[in-house]
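Following: one structure in structure tokens, then a few remarks.
The analysis underlying the following values was restricted to heavy atoms, covering all of them including side chains, and did not include hydrogens, waters or symmetry mates. Sequence lines set the chain letters: A, B, ... in the order given, protein chains first and strands last, and positions in each chain run from 1.
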Amino acid sequence: MSALPLPRLRRPHRPRSERVDTLWAMFRRLLGIPVVLFALATLVFIAMRLLPGSPTASLAGGGTNLTAAEIAQNEARASEALGLDQPLLTQYGTYLDNLVHLRFGESFFGSNSVLSLLGDALPGTIELTLAAMTVAVLLGVVTGVVAALRKGTWIDTTTRTVATVSFSLPWFALGVIAIVVFGVWLRWLPVLGRLPSSLDYHPTTNFVLLDAILQNRFELVGPWIQHLILPATTLALSMAGYITRIVRASVLDVLGDDFVRTARMKGLTESAVIRRHVLRNSWLPIVTVLGLQFGSLLGGSVITETVFSYGGVGRLLVQGVLQRDYPVVQGAALAIALLFVLVNYAVDMLYMILDPRIRKG
Amino acid sequence: MPDQSQGTPALHPAEPQVSRRTVLRGASVLGVGAGFGLTPLLAACGVADDGSEKSGGGSGKGGTLTLAIDSTSAVNDPAFYTTLGDWMAVDCICRGLTFISFESNEPTPDLAKSWKISDDQLTYTFTLRDGVKFHDGTTLSSADVLATLNRQFDPENKTLPKGASRPLASLGNNVASLTAEDDLTVKLVLKAPDRTVLAQLSDIGGRIISKAALDKYGSGIGKHLVGTGPFKFASATSGQSITLEAFDDFRLGRPPIDRLVLRQVQDPSAIVSSLLSGDVSATQFTPYSAVEQLKSDPSVTVHDTKEGFDAILMIDARRVPELKVRKAINLAIDRKAIVQQAFFGVGSEPDGYAIPPAQNGYDTGLADLSTKNLAQAKKLLKEAGAEGRELGLMAASDSWHPKAAQIVKQNLEDAGFKVKTTSVDPASYFSRLSDGKDDYHDLMIWERNSYVPDPNNMVGSMANPAGLYGSTITGLDTLDGVDTMAEDLLEAKNLPVGKKRTAAYSKIQRRWAEEYMVIAMLACSTNLVVSGADVKGINTAALGNHRCFMEKASV
Amino acid sequence: MSDGTGSDPGLGTTDALAAAPVSGGAIRSARRGWDRDGRDRDGRDRERRGPMAKLRRLGIGTSWPAKVSWVFLVAIVLVALAGPLLISADPVRQTSSAMLPFGSPGHLLGTDDLGRDELARLVHGARPLLFVAFASTALAAVIGIGVGLLAGYAGGVVEQVLMRAVDLALAFPSILLVILLVAAAGPGMASLVVGVGVSLAPGLARLARALAARETARDYIVAARLGGTRTPRVLVQEILPNIAGPMVAQVVMTLSVAAGFAAGLSYLGLGIQPPTPDWGYMVQAGQEFLYSAPRLVVLPAALTLMFVVACNFVGDDLRDALDPKGTA
């Protein structure tokens, strides 16, 4: 993973032309986004149609004692209904046209609109990802600072070793262990789904926290957090290790700086030094890591979602590919990519604004 | 129900590919509908009393019953098969003209309180029950029956969603006319006799929808299904769950529970741990590997249901043209190992060839068709000059399939074959089965379920040369003399249930195995039904066949 | 003799980006007090020359986790390569239908649920994981470094186009890529290698580009171009060696990511298919027996974990040695 060199937050005086340069660079990058998304949409479109097998085979089915000829008829009928009998270029044209008008189509299997499927699936994944990142940052920052302050001692070595081991541990192993330990032996936490089935939840936005406020149902929040703890923590553990290392490195880096020595000489306590100067210095690389991790968490969430039966977009994507449900895969891939690209753009922009050296990037 | 997990779950591999039960989607689609013999009731033109007592009714103990299902697409439409979970919801929301409880295999009156069948077996006249209410307040009349059945029979019907599979289509092909004599009488006239009509109508495809709802929602009926069943549709979220609420005016009395939630749980170990914790009240999707652990845990009950599905190995006769080689394959298989290791003991060897113990027509006289004899297998192979023959074997990648594939591979290699295997995700398996040019299309492991327990559904489908199995998958139709088999099957189908019918099917099966051997039976098994210890009144026999009758259940 | 431009990486906080590309040996001899040939002013041979000493001078393998990891990695590679030749038991043969425990006659580690020898499966099972990890990293390196070098060197439109392509690859959900490959080509090592390799290439590409761009601006490159050296030569002979340090460290880090990714994918069933043994698949298949025979899960899981951790520590070690200022 390529972390950029740790930037300093000193703002040198920048002449106006440089500021314009920056804005121009930012704008250029922004233009790149639709291009990337368009290319991605095309790639997914082609890839899905290159896959062997087709959705119509499953749809046509062999219902009751249909003869092979009748099944073939069914297939033809389904193919026509879904627009799959058109030549490829026509299908592509229709697809692009729909995209531009923001029509994302319907699933082949049940005609659920892709947007509503995404609306059902994305919020859960996003909640999980954000929760995981929060826990990861908290864990990582605390351990990183501790390790740096106690550099060279056994605490430091152990922390670094544990950090490395934790992000080497595969998610699935962590998840399975967590279920056994916390769900079974200790019986502290639930292991199934997003909310208990005894609770009646009618989503407005499908973000539980928001809905609790909007619908005035604060009793949703407790169980929601309970169900979130295990999956979020197992995901977080695999990220926290990276953050620990970054924080430790940047803390060490800054601690040697002149201005910190000055601050100490001025009489600031250690914790004030840390709080004010050191943490401010390391949040940028942390944000970079999180930005890069966000994308892989969104797409890779399928494992967590399977192990914890947490309905989300990873499962939607995988199921769509396996069923050859073209609209669903196209929509889900685009949604994930869009989120990922936006998040990383935001991170890049932060960098550009705050660190003159990386402007060209 | 406490949310805490209790007990020790057996951790089973997380299966990321789509629900392992989507494999059954293909199989059950192959198996839906079906044949059935007549019952003595029929001869007497039906009986007013449907034989089931009213449930405890009233407010009972209430509560929520949670069933774990394979998946849901939030579309519950009897004309459009999507997932097993959705199908179970339809079973709870709607009722049909006839009903099979699976505790017995005979169709009993449900929405039709009686029926008359003409002597030539072509005309069925159903008399509907009076005063049966739909969830939307309307009353059952023949218009509802016509509206429901017509959309099954007519592919151009406007209320059909795109790609609808119409499970009753084959019945529809045999229908000359369907009319309403009056508000409570429906007349169905067939083109050719078919004794399985009553059974087919008990199946999910035959469940009756309110015409008012069809008029209102059109092809969107799947999101707002209205029937006369014990539970009415409340809400559904694709990929997550379906919520149903008790219907106070259910004909047989309000169910004891207040809510029925069908919850998607795909990971096998999650199923086990949620059974133990009580998050899930009951399910038939329990992984076989957990059976010992669950049996020894007092908080759950492992139900003993009769084996109702076949585990099969299909052989493509176009790619393995020598009968001797196919027979050798059949003789090499170690079925005991498959039952012990792939099914963890939940199942039995296929003594009745293609008919499992739960169905009428089960005949243990056919046990010799599925025995292991390695010496004989080797001998046949040698005679055919096929030692060292290379074969491709494909199997789905979930549940018992991969293990069975490995066992079969080993068995065949012991006999002298060379076998290469491939594991396919369940959702694409059906396409690959239909693709005769696939590299691995020599041997294919599959399972055959039926929603309606009748030999016509098992033997009739699998041995029919014009059917999916006979034609596309095994190439049976390319072999000599199969036309007579089709005739024999038709004849057997129309015999009344009894010794003669059983004998007819046994004869057909024997011939099918000895002269053609395109499907080798691996085992008979059942879906493992497990429920919480305090859950009572669920119809486990039905649940073992993926049917969902929860009107008497209580938690 | 050293250039003496104050680019000593050991002193102060000089901006490493501005460091001139001089040989490490020159720098080190300035510090040590004897010259590159190992002779001090009196002509005595001061330097230890053995291979371990060379490694130590490079700063490799100093801390004990690093040492252990190096040894473990080498051991695992050896086992993967030579092990199957030494173990006579057949990992695929189902010998009995019973699951035999530890220490049964003929089966040192027992058998799995289909009667196959566990030790043989473990030894043979190393190959798929290692192969996929190394091959996919190599693929990622070739593609990533190639693209990055070109982009950084060429600049302008070429750079923009290439980097947009890299952005695209980065935005494409990697799990989708692997699933598509598997659905198209079937599960197995080829799909994994390509899927993992292509997913990891963008990270290397970005770094290579940044480093190459920096180098391209330097005098010595400008001089080489003016002198007429053709592009491929410039790239390979001039630029590549000077970015090798951080690049190698990053590649080894990528190896650990590849290993983890590959393990996860084969756990999901997207990797090599049974009955060929493979650690990831063995963990998944063994989960059913977590309580009756935990060794079926614990052994392959532990080995996988140790491999990934070892790659991480080794990567760290290399990075500390070759790229101490963290330009990567």
Side-chain angles (χ1 to χ4, degrees), chain A residues 1-6 28 32-33 35-37 39-40 43-44 47-48 50-53 157 160-161 164-165 167-173 176 180 241 245 249 253 256-257 292 295-296 298-303 306 314 317-318 321-322 324 329 332-333 336-338 340-341 344 357 360-361, chain C residues 13 15-17 63-65 160 163-165 167-168 170-177 179-184 186 199 203-204 206-207 210 213 246 250 253-254 256-257 259-261 263-264 267-268 280 283-284 287 290 297 301 304-313 316 325-328:
Chain A
M1 106 148 27
S2 57
L4 294 161
L6 304 173
R28 257 201 348 245
I33 292 184
V35 174
V36 168
L37 290 177
L40 187 126
L43 259 183
V44 175
M48 285 303 294
L50 282 179
L51 290 180
T157 323
R160 287 170 62 207
T161 314
T164 310
V165 171
F167 72 74
S168 314
L169 262 184
W171 295 343
F172 54 86
V176 160
V180 173
R245 292 148 60 91
D253 206 25
D257 261 1
L292 287 170
S296 70
L298 279 189
S301 58
V302 62
I303 306 173
T306 309
L317 197 58
V318 172
V321 172
L322 295 178
R324 310 289 190 268
V329 175
I336 294 178
L338 178 66
F340 177 73
V341 160
N344 276 287
R357 286 180 308 172
K360 285 262 185 71
Chain C
T13 55
D15 183 355
L17 286 174
S63 70
W64 69 262
Q160 286 303 315
M163 289 330 277
R164 287 310 128 241
D167 281 345
L168 176 64
L170 212 48
F172 201 99
S174 46
I175 187 94
L176 179 61
L177 177 64
I179 299 233
L180 285 174
L181 278 171
V182 167
S199 304
L204 289 174
R206 276 193 165 184
L207 177 64
Q250 189 63 10
M253 290 307 286
T254 309
S256 76
V257 175
F261 199 2
Y267 171 84
L268 292 180
V283 172
Q284 181 229 54
Q287 266 188 288
L290 194 59
V297 172
T304 309
L305 174 64
M306 291 199 290
F307 177 63
V308 177
V309 170
C311 289
N312 272 315
F313 276 120
D316 262 356
K325 279 311 280 178
T327 50

Exercise for review: Report the C-alpha separation of V341(A) and L170(C) in whole Å, then their side-chain angles, then the decisive distance to 0.1 Å, and conclude whether the side chain to side chain contact (heavy atoms under 4.5 Å, CB included) test is met.
Suggested key: CA-CA 9 Å; V341(A) 160; L170(C) 212 48; over 6 Å; no
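- Residues satisfying the side-chain contact (heavy atoms from CB on, under 4.5 Å) criterion with V309(C), sequence neighbours excluded, are V165(A), S168(A), L305(C), F313(C).
- Residues I336(A) and L176(C) fail the side-chain proximity criterion, which asks for heavy atoms closer than 4.5 Å.
- The contact between V329(A) and chain C is made entirely by side chain atoms (from C-beta outward), counting heavy-atom distances below 4.5 Å.
- Heavy-atom distances place no part of L50(A) under 4.5 Å from chain C, backbone and side chain included.
- Partners of R160(A) under the salt bridge (charged side-chain N to carboxylate O under 4.0 Å, His left out) rule, at least two apart in sequence or in another chain, do not exist in this structure.
- Here the straight-line distance linking atom CG of L43(A) with atom CG of L180(C) works out to 9.5 Å at 0.5 Å rounding.
- Between V36(A) and R164(C), the shortest heavy-atom distance links the atoms CG2-O, 4.2 Å.
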